Chemist: 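Quick one: this structure, given as structure tokens, is what I'll be asking you about.
On a predicted model such as this, the values are computed, not experimentally measured, just so you know. In what follows, every chain begins at residue 1, and chains take the letters A, B, ... in the order their sequences are listed.
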Protein chains: 2
Amino acid sequence: MNKLVNSIREAIALSGLQDGMTVSFHHHLRNGDHVLNMVMHEIAELGIRDLTVNASSLFDVHMPLVDHIQNGVVSCVLADYISAGLGKAFSSGIMEKPVQFRTHGGRPCDIASGKTPIDVAFIAAPTSDTMGNCSGKYGKSACGSLGYAFADAMYAKRVVVITDNLVPYPLADFSIAENYVDYVVQVDAIGDPRGIVSGTTKITRDPVGLVMAQYAAKVIDASGLLKDGFSFQTGAGGASLAAAKFLKDIMLKKEIQGSFGLGGITGYMVDMLKAGCFRTLLDVQCFDLGAVESIRTNPAHREISALQYASPGSKSAAVDSLDVVILGATEIDTDFNVNVHTDSQGCIMGGSGGHSDTSAGAKLSMIIAPMFRARLPIVTDRVTCISTPGKDVDVLVTQGGIAVNPAKAELKNRLLDAGLPVIDIADLKEKTERITGKPQKLAHGDQVVAEVISRNGDILDKIYSVC
Amino acid sequence: MNKLVNSIREAIALSGLQDGMTVSFHHHLRNGDHVLNMVMHEIAELGIRDLTVNASSLFDVHMPLVDHIQNGVVSCVLADYISAGLGKAFSSGIMEKPVQFRTHGGRPCDIASGKTPIDVAFIAAPTSDTMGNCSGKYGKSACGSLGYAFADAMYAKRVVVITDNLVPYPLADFSIAENYVDYVVQVDAIGDPRGIVSGTTKITRDPVGLVMAQYAAKVIDASGLLKDGFSFQTGAGGASLAAAKFLKDIMLKKEIQGSFGLGGITGYMVDMLKAGCFRTLLDVQCFDLGAVESIRTNPAHREISALQYASPGSKSAAVDSLDVVILGATEIDTDFNVNVHTDSQGCIMGGSGGHSDTSAGAKLSMIIAPMFRARLPIVTDRVTCISTPGKDVDVLVTQGGIAVNPAKAELKNRLLDAGLPVIDIADLKEKTERITGKPQKLAHGDQVVAEVISRNGDILDKIYSVC
């Protein structure tokens, strides 16, 4: 048995890929990924058309996808996140079928259940042996965790591993096992390391960001959740990291040992692990070199699949045990619905990723965002797009006050008792509009360019073309 | 969400187990296992009847199963191996439906494909956290790998983890992930450590065994397979271990670095890993404390699932990359068919385990066995039961000569060139019978007590009741 094939084109041909089928990709190489473009180029050259692309996320490096859509090679796109440049193209209405946005938990759930079957999965693997045992931890294109690729590998009819670091069989520290892999292709480079992970993620120096971060840490401290066994997820944004820094200071001072840090992992979370703030990191994606180094060397830093991270179809997922998550927003409305899909023009520039999943799972779901950006208030009457429903969002932290979801009366009282500047979200909206003025209502086109599918499988909202 | 339940009985009730369903068990606790008996006792107390028990293996500690069969609680048994005491009961014809014997690869294959669905899987877990992330590496009942339990956990409708070492969430070094687990039960003891793993496995001191072991190592040396990248599996029997010892000496002398050791792993294979004979151990089951210690601490010693070990339904399995396997036999016939299911009386006393899987996968499948045991010749005209078909068996090593499958002419020439005592298998049979006399043909009863299902899913042979 020999799984090694000479080229991506040969692997595509052997996979039996035909018009109308579905191909899938994972996004651990982020804006450094070469694999999606290389594969789609070969597919186009082979004359295969009308494909569905199921990608855990799409980045601006994937702009060639626009040509494939316009040429009829791709007719449907599923993704959890689409970055701004590519998002703008989708928002202009290049595709008849709306993009299907899922969450990082909803995607593997629907793959596992058979709702969104994959014909051929392409796994970008920083290291693979000749039978397809592969890992993201080693090699020049190392990205750390391959968490989002597990469901693709386990449930796709055919699985092609593409690697730029082929090693002898067996790779002992495999993430995805050979029993799922059909073909292995060696290429010169699966990605550009500069785009795969950032060197180090840095905390904000912006005074507004630091105020919000201080508030965020104090909210957590006052919530009653910060005790031994505490668990935490935060993003890689500057203010989120600053919040983690302040939280770390509190935890060290109070000698609190948390149980786990979760999610996309940064070097900052690794520092918290090393400092004893957590026993464990559960890692579905590494954001920087510090995280990659840690997951490779520290047994307490463990790779998990997206099924284990966040799938609502799993018997449990790590998000279900999460105490606190800090999340961002481009808009939040007075019902606490959050938008992370579109920008102020209504253009696609993001997606839920794990936003809805962690919001639903965590005991305390906190949004931190400035009161306004470029004179546009963060709080609106109604978000342009519901990414995460307000019922799952507990608190909004801004530099101008902290708004608590009315459903969380106990939390509100705790924050008041701690002397934190709690403000009604409607008052926060008015307070902001006194600075920014009332924004004009956004007009949109008639075409539905994307559907936002909730982690339960319902259509949560629709995104329209921009005028 | 809380998966912790107070008792095995409560877990059974919550699982929805009903008459006619299938329950499953894995055998890593071997003859020290308490879990199967505890669970079946509660099932019987609850009055549930007509169950199918799908166990990766059954040991004499599971004798209470006989009562459950006689009382109608259990009406069908699937297993890969049944030890002699329990085997005797099955051979006496206690059950209307024949036992279905599968291989260690065929079992997870049929579970994954849905051919043998499991309603409720019971996982004996030496360590588990409160959400069911569990491992065999830690705790007073540590058994090392949980390789045979993965398919059960992944494909059963309901999964109950039973542990005697409950740890806080999350267990970073989990083997089976929480997303597969419905309920967790804490008990005093899942097993008796004395029966779970032996202290140390020892090489034989028997002169006949040592001769066979020397021959076995020389056959491997002469086969052309012993070079850098060499891979190897052997059993835990004294002669097999002695063969590994002699092989190790050759490998060290010739400075050959193998790629991997496979299978049920002993401390002796661990020594070979440490000595540099292999880069890696791929471990589906630990046989002794040395193996348990190694899999817990050495990243080069890696747990694999039975799907990855040996499933014929996997896109590849480790057995497909195996160079040499050393196996045993209770009988082998002149067509090289091997029996490891029944003893000289035709009584069930074993099973294929990984015998057929590794024989089919390995480039060189070697049986080592003495010419006779208790005056019964090893070579017969026709084995009482075909466990592994002769087409997959390459060579038989006895103290009286080495018989090569006629389909392997090149191997035969290599052994002759090396000056090894090659003998035609028919001649070996005659040579043996000159010592032992010709054995009487065994009569058997009319009842089919077991069917041996090949790794391809065909019925390879039937085992009849004993007279």
Chemist: So what's closer than 4.5 Å to chain A heavy atoms on B/Ala177: side chain, backbone, both or neither?
Modeler: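 It is both, since atoms from each part get that close.
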Chemist: Can we say A/Arg102 and A/Asp80 salt-bridge, meaning some charged N sits less than 4.0 Å from an Asp/Glu carboxylate O?
Modeler: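 No, this pair does not count.
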Chemist: Within the 4.5 Å heavy-atom criterion, are B/Ser56 and B/Arg107 side-chain neighbours or not?
Modeler: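 A side-chain contact under 4.5 Å exists here.
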Chemist: Under a 4.5 Å cut-off applied to non-hydrogen side-chain atoms, are B/Lys363 and B/Val324 in contact?
Modeler: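 Not in contact.
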Chemist: Is it the side chain or the backbone of A/Pro168 that comes within 4.5 Å of chain B heavy atoms, both, or neither?
Modeler: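 Contact with chain B: backbone and side chain both.
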Chemist: Answer with yes or no after comparing the ring centroid distance for B/Tyr309 and B/His104 against a 6.0 Å cut-off, counting only values under it.
Modeler: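 When the ring centroids of B/Tyr309 and B/His104 are compared, they turn out to be at least 6.0 Å apart.
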Chemist: Below 4.0 angstrom, N of the basic side chain to O of the carboxylate: do A/Asp283 and A/Arg302 qualify?
Modeler: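 Between A/Arg302 and A/Asp283 there is no salt bridge, as every charged N stays at least 4.0 Å from the carboxylate O atoms.
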Chemist: Does A/Lys227 have any side chain to side chain donor-acceptor pair (under 3.5 Å) partners at least two apart in sequence or in another chain, and if so, which?
Modeler: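 Expected list: none.
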Chemist: Which one of A/Ser231, A/Ala172, A/Ser259, A/Ser305 has the most heavy-atom pairs closer than 4.5 Å to chain B?
Modeler: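 Looking at each of A/Ser231, A/Ala172, A/Ser259, A/Ser305 in turn, A/Ala172 comes out on top.
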Chemist: As an exercise: rank B/Pro299, B/Ser321, B/Gly229 by heavy-atom pairs under 4.5 Å with chain A and give me the winner.
Modeler: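 The option with the most such pairs is B/Ser321.
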Chemist: Between B/Ser316 and A/Glu178, does any side-chain donor sit less than 3.5 Å from a side-chain acceptor?
Modeler: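 The answer is yes; a qualifying pair exists.
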Chemist: Before we go on, tell me: are the rings of B/Phe260 and A/Tyr169 under 6.0 Å apart, centre to centre?
Modeler: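 Yes; A/Tyr169 has its ring centre under 6.0 Å from that of B/Phe260.
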Chemist: Just wondering, do A/His301 and A/Thr280 contact through their side chains at under 4.5 Å, heavy atoms?
Modeler: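 SC-SC contact between A/Thr280 and A/His301 ruled out.
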Chemist: Return the option, out of A/Leu171, A/Asp320, A/Leu282, with the maximum number of heavy-atom pairs under 4.5 Å with chain B.
Modeler: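 Among the listed options, the one with the most contacts to chain B is A/Leu282.
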Chemist: Tell me, for A/Ser314 versus chain B, whether the close heavy atoms (under 4.5 Å) come from the side chain, the backbone, both or neither.
Modeler: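 A/Ser314 touches chain B through backbone and side-chain heavy atoms alike.
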Chemist: Just to be sure I understand the criterion: a residue of residues 116-135 of chain A counts if one of its heavy atoms is under 4.5 Å from a heavy atom of chain B. Which ones qualify?
Modeler: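 Near chain B, by residue number: A/Met131, A/Asn133.
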Chemist: Report which part of A/Leu307 has an atom under 4.5 Å of a heavy atom belonging to chain B: side chain, backbone, both, or neither.
Modeler: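 Both backbone and side chain of A/Leu307 come within 4.5 Å of chain B.
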Chemist: Between A/Lys3 and A/Asp182, does any side-chain N to carboxylate O distance fall below 4.0 Å?
Modeler: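 Looking at A/Asp182 together with A/Lys3, the answer is no, because their closest N to O distance does not fall below 4.0 Å.
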Chemist: So which part of A/Ala317 gets closer than 4.5 Å to some heavy atom of chain B, the side chain, the backbone, both or neither?
Modeler: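 Contact with chain B involves the backbone of A/Ala317 alone.
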